[in-house]
Amino acid sequence: MEEAQVVETKDGTISVASAFAGHQEAVQNRDHKFLSKAVEEAYKGVDSGDGGPFGAVVVRNDEVVVSCHNMVLNCTDPTAHAEVTAIREACKKLGKIELSDCEIYASCEPCPMCFGAIHLSRIKRLVYGAKAEAAIAIGFDDFIADALRGTAFYQKAHMEIKQADGKGAVIAEQVFEKTREKFQMY
C-alpha cells in the first residue's frame with residue numbers, strides 16, 4: 001500500500017495527498033460521472049418544463065441516493081431549486097436530517113439558499129460544474145446579498161427588512177428558551 005503525503009499550507013490547513021499516481025485521475029473520473037448525471041437532470045428539468053437548467057445528485061458510498069432537477073415552475077415554489085429538492089428527497093429516502101456521509105454534485109455553483117441547505121444538512125463534499133456567472137448571464141440572479149443591497153444586476157429586493165420591536169422580539173426569543181431541552185439536534 002502506498003503512503004499518503006501530508007502537506008501543511010501557509011494558512012495552517014492540512015491536506016493529505018495520496019502517493020499513488022492514479023488517485024487524482026480516479027477522483028476526477030468519479031466526479032465527472034456524478035456531475036454528468038447532475039447535468040443530465042438539468043436538461044431533463046428544462047425539457048419537462050419543471051424549472052430552470054439546474055440539476056443535483058446526492059451520492060453516498062459511490063451510489064446515487066437521489067437525482068433531482070429544479071422544480072420551481074412545477075411546484076410553484078421559489079425554493080424548489082435542484083439542490084434543495086435533492087436534499088429534501090435524500091433526507092426522506094434515508095430517514096434522517098443530516099447527510100454527513102453524503103456528497104452533492106450540482107450542475108451549477110449553488111446560490112446562497114442552496115449553499116445554506118447544503119451546509120445545514122452537513123453534506124461532507126460539494127462538487128459543482130458551471131460558475132454562477134453562467135446562470136447570471138442568462139437571467140438567473142440568486143445572489144441574495146446583492147439583491148438585498150440593491151446591487152444585483154437583474155433583481156432588486158423591494159421589501160423592508162427589520163427586527164420586531166419590544167414584545168414581538170421578546171416572545172419570539174422566548175420560544176428558544178422554552179423549547180431548548182426538546183431539541184438536541186446533532
Minimum-distance pair of heavy atoms, taken over all atoms of G55 and A42 | N-CB, 3.7 Å

Pairwise distance OG(S48) to OH(Y43) - rounded to 0.5 angstrom | 14.5 Å

Given the rule that I, L, V, M, F, W and Y join up when any side-chain heavy atoms are under 4.5 Å apart, are L120 and L126 in one cluster?
-> no

Can you tell me if N70 uses its side chain to pair, donor with acceptor, with the backbone of V72 under 3.5 Å?
-> yes

Atom NE2 of H81 and atom CD1 of I87: how far apart are they, to the nearest 0.5 Å?
-> 12.0 Å

If every non-hydrogen atom of A56 is compared with every non-hydrogen atom of A86, which pair is closest and at what distance?
-> CB-CB, 4.0 Å

Is K124 salt-bridged to D101, going by a charged N under 4.0 Å from an acidic O?
-> no

Please step through side-chain contact (heavy atoms from CB on, under 4.5 Å) for the pair H69 and T85, ending with a clear verdict.
-> CA-CA 7 Å; H69 55 264; T85 301; over 6 Å; no

Rounded to the nearest 0.5 angstrom, the CD-SG distance for E98 and C91 is 8.5 Å

Got a second to check how far I123's CD1 is from E83's CD, nearest 0.5 Å?
-> 9.5 Å

Under a single-linkage definition using a 4.5 Å side-chain heavy-atom cutoff for Ile, Leu, Val, Met, Phe, Trp and Tyr, are F54 and I138 assigned to the same hydrophobic cluster?
-> yes

Between C75 and A80 the two heavy atoms that sit nearest each other are CB-CB, 4.5 Å

Residue pairs passing the salt bridge (charged side-chain N to carboxylate O under 4.0 Å, His left out) test where at least one lies in residues 40-56, sequence neighbours excluded = E41-K44

Parallel, tilted or perpendicular: which describes the rings of F34 and Y105, with under 30° parallel and over 60° perpendicular?
-> tilted

Begin with the C-alpha distance, continue with both residues' side-chain angles, and end with the deciding distance and a verdict on side-chain contact (heavy atoms from CB on, under 4.5 Å) for M113 and V84.
-> CA-CA 8 Å; M113 177 187 69; V84 171; 4.0 Å; yes

Consider only side-chain N and O atoms of R88 and T79, and report whether a donor and an acceptor are under 3.5 Å apart.
-> yes

Could I get the full list of ring pair (Phe, Tyr, Trp, His ring centres under 6.0 Å) partners for Y128, not counting sequence neighbours?
-> none

Would you give the length of the straight line joining atom CE of M71 to atom OG1 of T76, rounded to the nearest 0.5 angstrom?
-> 10.0 Å

With respect to I104, which candidate in I118, L99, V127, V66 satisfies the side-chain contact (heavy atoms from CB on, under 4.5 Å) definition?
-> I118

Could you walk me through whether S36 and V39 pass the side-chain contact (heavy atoms from CB on, under 4.5 Å) test, one step at a time?
-> CA-CA 5 Å; S36 293; V39 170; 5.6 Å; no

Scanning both residues in full, the closest heavy-atom pair of F140 with G52 reads CZ-CA, 4.0 Å

Charged N-O contact under 4.0 Å between E177 and R180 = yes

Validation row: V58, V64 side chains within 4.5 angstrom (heavy atoms) | no

Between E109 and K131, is there a donor-acceptor pair closer than 3.5 Å when you use the side chain of the first and the backbone of the second?
-> no

Under a 4.0 Å N-O cut-off, is there an ion pair linking K33 with D62?
-> no

Is a salt bridge present between E25 and R30, judged by a nitrogen-to-oxygen distance below 4.0 Å?
-> no

Gap separating the CG atom of L35 from the OG atom of S107, nearest 0.5 angstrom | 7.5 Å

